[in-house]
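For the single chain, residues carry numbers from 1 onward in sequence order.
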Amino acid sequence: MRAVLIGEGMVELSQDGSAWQLAHGGDTLNTAIHLARAGIATAYLTALGADPFSERLKTAWADEGLDTAMVLTDPARSAGLYAIATDQQGERSFAYWRSDSAARRLFDCEGIGPLLEQAASADLLAFSLISLAILPPEGRERLLLLARQARARGARVAFDGNYRPRLWESPAEACAARDAAIACATIGLPTLEDEAALGGSADAAAVAAHWQGLGCAETVVKLGAQGCRLPDGTILAPPETLAPVDTSGAGDAFNAGYLAARLHGASCDEAAREGHRLAGWTIMRRGAIPPRD
């Protein structure tokens, strides 16, 4: 099985008391690294700069087992940066410096054509609403075209409706992009909180009905600490109640646990349990991608 994930990987600064730790993160990158750790052959399609931080990121991703052959270089741009601060309950807040990120011009990079052909023939293609948000309109269209091509070839196409308001001109623009992506996907991974923030329903069944109605039959609605709603309507709670240290990357880890299990032939129920297990492991450690232990 081969997976290709698309998006933006950034330099991460995470707070640990009065100190700040340097690492890496990004929603689809987090999922990609977890998939690689699970033994799935995983490539990350993105662009970085020619700066030292970009080189450091690429090396770190390769050390995690990611195939970095799809990481293109834009010498005129650099890697994005974000910082995470957490409160006493482990809830996080973010600050971003990504306006000149190389990933924003991924589809303008030299060498992108052959990589798109490779990505379209993967067993799993995965991206998020953030993957679309960082791209200019023409880049978004090319990403959606890639998703349609992969689905037509029989690939699983996973889409996470990860919503960051400041990346969009308006909620209406974000909703239009989300719905276009849902129609290309075979596996939907929305978060109820994001759907409500986009002006949709705060009811998981209504969210699932919207996504399934647009053609994404296998939709799992993430409910935070309450667990998730499976495609058949069952609410599956996490195996235990935890006191999070850092909730960064929890949804991304759930995605990876779920997708890895599905690629290995597990049922939706079994896959969701794996998603909960991996998300639970992640939130009890600091950073979006905690080191393996």
Side-chain angles (χ1 to χ4, degrees), residues 1-10 24-48 57-58 60-74 101-135 139-162 180-189 216 218 249 251-264 271 289:
M1 286 296 184
R2 178 169 172 78
V4 175
L5 282 82
I6 305 165
E8 179 182 28
M10 295 180 286
H24 49 253
D27 65 338
T28 54
L29 174 69
N30 301 339
T31 300
I33 289 176
H34 283 305
L35 285 172
R37 289 178 177 180
I40 303 295
T42 306
Y44 197 56
L45 178 55
T46 190
L48 292 171
L57 288 177
K58 191 172 180 180
W61 301 348
D63 289 345
E64 288 281 6
L66 272 186
D67 179 354
T68 58
M70 289 188 170
V71 179
L72 297 174
T73 300
D74 183 340
S101 167
R104 288 179 173 266
R105 294 293 173 183
L106 169 63
F107 288 92
D108 295 328
C109 286
E110 184 177 353
I112 186 64
L115 297 187
L116 294 180
E117 182 62 28
Q118 294 176 39
S121 58
D123 299 292
L124 169 69
L125 183 78
F127 64 107
S128 73
L129 193 56
I130 293 178
S131 306
L132 292 170
I134 65 168
L135 295 171
R140 291 174 194 167
E141 287 304 316
R142 293 187 70 182
L143 177 48
L144 293 173
L145 174 60
L146 171 62
R148 288 192 290 269
Q149 290 172 336
R151 179 170 177 167
R153 292 183 183 185
R156 286 181 165 104
V157 178
F159 173 64
D160 181 349
N162 207 345
I182 294 170
C184 302
T186 63
I187 299 177
L189 296 162
C216 186
E218 188 176 329
D252 310 326
F254 177 91
N255 293 352
Y258 183 87
L259 293 171
R262 291 292 282 146
L263 286 173
H264 283 131
I289 290 286

For this session: Mind checking side chain to side chain contact (heavy atoms under 4.5 Å, CB included) for A261 and listing every partner two or more places apart, or none if nothing turns up?
Result: A266, A271, E274

Problem set entry | Non-hydrogen atoms of A155 and A122 that approach each other most closely | CB-O, 3.2 Å

Problem set entry | Side chain to side chain, R151 and T186, heavy atoms closer than 4.5 Å | yes

Exercise. Is any side-chain heavy atom of R156 less than 4.5 Å from a side-chain heavy atom of L259?
Worked result: no

Problem set entry | Stepwise salt bridge (charged side-chain N to carboxylate O under 4.0 Å, His left out) check, R153 with E117 | CA-CA 11 Å; R153 292 183 183 185; E117 182 62 28; 3.0 Å; yes

Seminar exercise, completed: So the side-chain hydrogen bond (donor to acceptor under 3.5 Å, both in side chains) pairs with at least one residue in residues 31-43 (sequence neighbours excluded) are R37-E64

Problem set entry | Nearest-0.5 Å distance that lies between atom CD1 in I6 and atom CG in L106 | 8.0 Å

Problem set entry | Distance, nearest 0.5 Å, that separates SG of C216 from CD1 of I182 | 7.0 Å

Exercise. Is the closest side-chain heavy-atom distance between Q118 and V4 below 4.5 Å?
Worked result: no

For this session: Using side chain to side chain contact (heavy atoms under 4.5 Å, CB included) as the criterion, list what pairs up with R142, not counting sequence neighbours.
Result: F107, I112, L116

Exercise. Hey, are the side chains of L124 and L35 touching, using non-hydrogen atoms and a 4.5 Å cut-off?
Worked result: yes

For this session: May I ask you to test the R2-I40 pair for a side-chain heavy-atom distance under 4.5 Å?
Result: no

For this session: For V157 and A150, work out which heavy atoms get closest and say how close.
Result: CG2-CB, 4.1 Å

Exercise. For E141, which residues count as a side chain to side chain contact (heavy atoms under 4.5 Å, CB included) partner, sequence neighbours excluded?
Worked result: L144

For this session: List the steps and the verdict of side-chain contact (heavy atoms from CB on, under 4.5 Å) for L145 and L143.
Result: CA-CA 5 Å; L145 174 60; L143 177 48; over 6 Å; no

Exercise. Salt bridge or not for R104 and E8, using N-O below 4.0 Å?
Worked result: no

Seminar exercise, completed: One should read off an interatomic distance between N162 CG and L129 CG, to the nearest 0.5 angstrom, of 7.5 Å

Problem set entry | Closest heavy-atom pair and its distance - N30, G25 | OD1-CA, 3.4 Å

Problem set entry | CG on L115 to CE on M70, rounded to 0.5 Å | 5.5 Å

Seminar exercise, completed: Between G7 and S131, the two heavy atoms sitting closest are CA-OG, 3.7 Å

Exercise. How far does CG of L48 sit from OG of S101, to the nearest 0.5 angstrom?
Worked result: 7.5 Å

Exercise. Are L29 and L66 side-chain neighbours, meaning at least one heavy-atom pair lies under 4.5 Å?
Worked result: yes

For this session: With the side chain counted from C-beta on, respond yes when T28 and N255 share a heavy-atom pair under 4.5 Å apart, and no when they do not.
Result: no

Exercise. Can you tell if the side chain of L5 reaches within under 4.5 Å of the side chain of F127, non-hydrogen atoms only?
Worked result: no

For this session: Name all residues meeting the ring-ring contact (aromatic ring centres under 6.0 Å, His included) criterion together with F254; count only those two or more places apart in sequence or in a different chain, and write none if there are none.
Result: H276

Seminar exercise, completed: Residue set satisfying ring-ring contact (aromatic ring centres under 6.0 Å, His included) with Y44, at least two apart, ordered chain then number -> W61

